[in-house]
There are 2 protein chains.
Amino acid sequence: MQRFKVGEMVIDAGAQILMQGSNSPQLYTALHGMGLRYKTLEDGRRQVVNFVMPADFVGLQAAVMGEMAHSVEASSNMVLCVFDRSEFWNFVKSQPARAYDITWLSAVEEHFMGEALTAVGQRSAIERIAWAYYKVFRRGESLGLVSRSRMPFPFRQQDLADALGLSLVHTNKTIAKIRERQMATWENGALHVADVDALAKLAVTEREDVPKRPFL
Amino acid sequence: MQRFKVGEMVIDAGAQILMQGSNSPQLYTALHGMGLRYKTLEDGRRQVVNFVMPADFVGLQAAVMGEMAHSVEASSNMVLCVFDRSEFWNFVKSQPARAYDITWLSAVEEHFMGEALTAVGQRSAIERIAWAYYKVFRRGESLGLVSRSRMPFPFRQQDLADALGLSLVHTNKTIAKIRERQMATWENGALHVADVDALAKLAVTEREDVPKRPFL
DNA sequence: CGATGATTTGACGAGCCTCAAGGTACGTGG
DNA sequence: CCACGTACCTTGAGGCTCGTCAAATCATCG
């Protein structure tokens, strides 16, 4: 896989990595830092579709479907591993095992989107936030980002609001409720989870394993 | 592809095809009729994740990830083309072009889920229903199911409500509004679209092409 | 024709959104 | 070092969208 690594890219917080509708010649794997995937409607409303964490693959959609259906931007400073798309694609096409990995990635992503859809469609505000905290935290654990129940979570409340289909104000008040219940706090870009089980219960989720992702 | 066809399966309306959490040895392609994909929470809430239409592939998730993340059931009588999973998988692995198709399918599905998430997360009730109508209708067109602006849509209002994260009652009232606005009607299992452009505008969508899907 | 399931309608209340203002932290320039 | 601007978080008040409850209408079917 290293053969197709073109280089590393360092990105400042707030910078765009990929634009909705674009067809970039590069693919990336996040190495450090976190970011956002989001779609924008014509009238400006924004849906955050997922958070980008280390080991995530970025740009697959453009590679497969021709153009990106969402934008990607950095929320913290990030380091990305850069691949050349055409090279990469030839490689994948010639190696069934790799094609399988790609499908796998896509399926995992789809699986997550289904869960997110369920969260936004069915859960109340407090359940959604508990769900998001829980998901993020479990993901962080599997990536080794958690120490003493704390992990970096360098987003704004507005980002979480846009991810969960809530207003900023209501998100803020709901975060406060979860803090008061002593389940989790989120301050200064760090998420501290005091009671994972309580979170999971409030979120109405069964404790399932975080799906492994092939690392490219 | 035909080599791996094990047979055809005829299913009555209301029957389960796949269960959430199961790991069926079969894969299907829908040939006739329509169905639902949905996830259920422990407390009974249900999120309809997508509608199954002819040419849709069913069971890919279980094939790739080990088990289904959602259930699938028939809403009308259906005819499915049945494949044996293990055979199928060997075949795909040995044929890069087919592997590509599978990846493509998965990517298209992911793309749709992103749109659905955006709809449920950002749009108001009437926008969501307009969006759903619009999506379904365009999809129907591309499948040749539409004649004189009508297409079969054999679902209950409860199904649409669960797809869009709305209550049954509010869905019903919102459907009535769209009917009053003379944009579309939905009665007796058929969707009649009177003004596609008005629907698209109400839905705040740009008119994009329906992604083609490889047929297996 | 009763029984079951889907659609429809009305009344009422709650959850969430919008508007508005104030607070805090941080960086920049005078 | 302080004034000022900016970005983000916090809090309060009021109102609208949407959910819940309830019951009526309608269709299908044994």
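A note on names: the letters A, B, ... follow the listed sequences, proteins ahead of strands, and every chain is numbered from 1. Computed over heavy atoms, backbone and side chain alike; hydrogens, waters and symmetry mates excluded.
Once rounded to the nearest 0.5 Å, the distance linking CG of B/Leu166 with CG of B/Leu160 reads 7.5 Å.
Residue B/Thr174 is classed as having no contact, given no heavy-atom separation below 4.0 Å to the nucleic acid. Looking at heavy-atom distances under 4.0 Å, A/Gly165 makes contact with sugar-phosphate atoms alone, never a base.
Rounded to whole Å, the distance from CD on A/Gln157 to C1' on C/dT24 is 13 Å. At whole-Å resolution of the value, NZ in B/Lys177 and P in C/dT7 are 19 Å apart. Atom CD in B/Glu187 sits about 14 Å away from atom P in D/dC26, given to the nearest Å. Per the geometry, CG belonging to B/Leu166 stands 5 Å off P belonging to D/dG19, to the nearest Å. Computed from coordinates, the A/Ile126 CD1 to C/dG15 P distance equals 11 Å when rounded to whole Å. For the pair B/His170 NE2 and C/dT9 C1', the interatomic distance rounds to 14 Å; values are reported in whole Å. Whole-Å rounding puts the B/Leu168 CG to C/dG5 P distance at 15 Å. A/Asp162 places its CG atom 14 Å from the C1' atom of D/dC8, with the value rounded to the nearest Å.
A donor atom on one side chain and an acceptor atom on the other are not found under 3.5 Å apart for B/Gln20 and B/Tyr38. Inspection of the B/Thr103 and A/Thr103 side chains reveals an N or O donor paired with an N or O acceptor under 3.5 Å. A donor atom on one side chain and an acceptor atom on the other are found under 3.5 Å apart for A/Asn172 and A/Gln157.
The side chain of B/Ser167 sits closest to D/dT20 out of C/dC16, D/dT20, C/dA6. Listed nucleotides: C/dG10, D/dT11, C/dT7. Nearest to the side chain of A/Val169: D/dT11.
For the OP1/OP2 pair of C/dG15 and a distance below 4.0 Å, the side-chain nitrogens and oxygens of A/Arg128 include no atom meeting the criterion. Residue B/Gln158 places none of its side-chain N or O atoms closer than 4.0 Å to OP1 or OP2 of C/dG5. Put simply, B/Asn172 has a side-chain N or O that comes within less than 4.0 Å of OP1 or OP2 on C/dT8. Neither OP1 nor OP2 of C/dG15 sits under 4.0 Å from any side-chain N or O of A/Arg123.
Between B/Phe153 and B/Phe51, the ring centre distance stays below 6.0 Å.
Residue side chain B/Lys173 does not reach the base of D/dG19 through any donor-acceptor N/O pair under 3.5 Å, judged by distance alone.
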